[in-house]
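Below is one structure, written out as structure tokens; comments come after it.
Just so it is clear: chains get the letters A, B, ... in the order the sequence lines come, proteins before strands, and each one is counted from 1. Computed from a prediction, not measured in an experiment: that's the story for all the values here.
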2 protein chains.
Amino acid sequence: MRVIVAEDQGMLRGALSALLDLEDDIEVVGQAADGEQALRMIETLDPDLCVMDIEMPKLTGLDVAERLKETKHGCKVVILTTFSRSGYFQRAMRAGVKGFLLKDSPIDELGAALRSVHGGGRAVSPELAMQLWEAENPLTEREREVLKLAGAGLGAGEIASRLFLSHGTVRNYLSEAIQKLDAKNRIEATLIAERNGWLG
Amino acid sequence: MRVIVAEDQGMLRGALSALLDLEDDIEVVGQAADGEQALRMIETLDPDLCVMDIEMPKLTGLDVAERLKETKHGCKVVILTTFSRSGYFQRAMRAGVKGFLLKDSPIDELGAALRSVHGGGRAVSPELAMQLWEAENPLTEREREVLKLAGAGLGAGEIASRLFLSHGTVRNYLSEAIQKLDAKNRIEATLIAERNGWLG
DNA sequence: CTTCCGGCATGACAATTGTCATATGAAAAT
DNA sequence: ATTTTCATATGACAATTGTCATGCCGGAAG
């Protein structure tokens with residue numbers, strides 16, 4: 001099978017590509033260091049399958065998966081990510097992703113996952129299966145934007161002017177977010193949202 | 001040469017070990033998933049050299065390097081890390097680390113670095129060489145502790161009781177840290193300190 | 001067509017946060 | 001022995017933050 005490896009960390013990308021290429025039934029036909037590159041490569045090289053990191057520059061792996069679904073491209077996607085954040089997993093399922101592995105599974109599982117997915121099956125790290133039932137993102141779009149900026153160290157006034165809101169409104173959103181996430185303050189709120197993948 | 005690979009992310013650890021092992025002159029004699037394991041393995045297996053991540057559970061790669069220096073163990077250390085934080089690099093140099101690579105260099109560089117270090121030389125990612133002249137950590141021990149807790153979402157009162165300080169004192173430290181780092185508030189201060197490796 | 005809800009806004013209030021001036025005792029430097 | 005420095009503390013003050021009640025508007029649901 002012909003695969004593309006999309007991963008921004010050079011060393012991991014190189015190592016995975018090299019190892020997969022050693023397998024008899026796998027041929028690595030391209031490597032991408034960011035989401036845009038991955039998308040272009042998939043369109044031009046038309047591989048069977050793409051191993052994709054989530055956190056990448058320009059387009060995240062999930063963005064790419066969603067575009068592939070829109071354009072009905074046949075390339076299957078196996079997500080390979082560091083974090084077991086419930087939001088990621090759910091979004092991936094909706095985007096039709098066929099495999100979802102954590103970066104700290106052993107490498108053997110990657111080869112196995114690729115074969116399983118190529119054969120029409122699925123492959124999911126066991127730690128993740130449960131997350132199907134985990135909490136949905138309780139934050140509204142606005143709350144997320146505001147929280148993201150707050151997490152970057154901006155104050156209410158600054159956030160207000162970037163989003164063209166009044167500073168009171170910003171504080172309202174922040175307050176709501178804090179309560180929804182059961183946090184003590186904006187800092188904890190950002191931490192919680194982040195940990196669950198509700199900001200990306 | 002006999003090497004140990006210490007890296008908490010299973011997939012990268014496995015991939016690197018497999019690839020290094022393919023080289024004729026390299027033998028991977030052990031793999032560690034955290035700092036303690038790495039230290040024990042180095043003591044029992046006495047390898048020539050250890051490839052080590054910084055951010056690992058229990059003991060960081062830098063902690064391990066420092067202990068090896070104390071005990072005058074001959075095992076040379078090549079640090080392999082994601083972030084180019086000036087604090088890390090400086091601490092590593094002081095700990096007698098011989099090689100320091102970023103995880104997004106190409107893999108070829110890893111093999112090359114190992115050979116160079118094994119032959120008594122050094123190997124440093126070019127992005128890092130400059131950092132020798134970069135700012136030293138301006139924060140005192142106390143300021144760091146306080147800032148770390150603030151970054152975890154705790155308020156002044158909570159920080160105070162954990163560190164057995166008065167809440168006024170905590171606010172003083174925070175205020176100093178904020179000014180030293182030229183930040184607007186504690187959040188930005190944590191971000192800046194973090195980015196420079198001044199909290200780890 | 002109402003009713004309800006989401007996004008947006010105000011104003012008021014309390015709590016927390018950030019800044020400063022100042023003080024003490026202990027340790028380090030001179 | 002004297003001075004400086006550091007960690008700790010206080011109190012006062014202003015700014016920011018978090019909460020709440022309330023109101024308006026437009027669109028979705030009934």
Atom [atom1] in [X], atom [atom2] in [Y]: separation rounded to 0.5 Å?
X	Y	atom1	atom2	answer
A:Glu145	A:Leu165	CD	CG	8.0 Å
B:Leu16	A:Ile107	CG	CD1	9.0 Å
A:Glu143	A:Leu147	CD	CG	8.5 Å
A:Asp34	A:Asp53	CG	CG	11.5 Å
A:Lys76	A:Met52	NZ	CE	14.5 Å

- prompt: Is any NZ, NE, NH1 or NH2 atom of the basic residue among B:Glu55 and B:Lys103 found under 4.0 Å from an Asp or Glu carboxylate oxygen of the other?
  reply: no
message: Can you tell whether the side chains of A:Glu43 and A:Arg40 come within less than 4.0 Å, N to carboxylate O?
response: no
task: For A:Asp182, look at atom CG and say whether over 12 heavy atoms of other residues, nucleotides or ligands are found less than 6.0 Å away.
output: no
- request: Could you please spell out the steps behind the side chain to side chain contact (heavy atoms under 4.5 Å, CB included) verdict for B:Leu102 and B:Thr81?
  value: CA-CA 5 Å; B:Leu102 293 181; B:Thr81 189; 4.2 Å; yes
field: Any residue of residues 174-194 of chain A with a heavy atom less than 4.0 Å from an atom of DNA chain C
entry: none
field: Residues in contact with DNA chain C, drawn from residues 139-156 of chain B - heavy-atom cutoff 4.0 Å
entry: B:Gly155, B:Ala156
Angle between terminal axes - the helix from C:dC1-D:dG30 to C:dT30-D:dA1, 5 pairs each end, rounded to 10°: 30°
field: Candidate pair A:Ile54 and A:Phe83, rule side chain to side chain contact (heavy atoms under 4.5 Å, CB included), full reasoning
entry: CA-CA 9 Å; A:Ile54 292 189; A:Phe83 305 105; over 6 Å; no
task: Kindly say if A:Tyr173 contacts the phosphate of C:dC8, meaning a side-chain N or O under 4.0 Å from OP1 or OP2.
output: yes
task: Calculate the interatomic distance between B:Ile159 atom CD1 and D:dA7 atom C1'; express it in whole Å.
output: 17 Å
message: Treating A:Asn172 as the side-chain partner and A:Ser175 as the backbone partner, does any N or O pair qualify as donor plus acceptor under 3.5 Å?
response: no
field: All side-chain contact (heavy atoms from CB on, under 4.5 Å) counterparts of B:Thr71, not counting sequence neighbours
entry: B:His73
message: Strictly by salt bridge (Lys or Arg N to Asp or Glu O under 4.0 Å), give each pair with a member in residues 61-70 of chain B just once, sequence neighbours left out.
response: B:Asp63-B:Arg91, B:Glu66-B:Arg91
Could you write out each protein N or O paired with an N or O of nucleotides 9-11 of chain D at a distance under 3.5 Å?
{"from": "D:dA9", "atom 1": "OP2", "to": "B:Ser166", "atom 2": "N", "distance (Å)": "2.9"}
{"from": "D:dA9", "atom 1": "OP2", "to": "B:Thr169", "atom 2": "OG1", "distance (Å)": "3.2"}
{"from": "D:dT10", "atom 1": "OP2", "to": "B:Ser166", "atom 2": "OG", "distance (Å)": "3.2"}
{"from": "D:dT10", "atom 1": "O4", "to": "B:Asn172", "atom 2": "OD1", "distance (Å)": "2.9"}

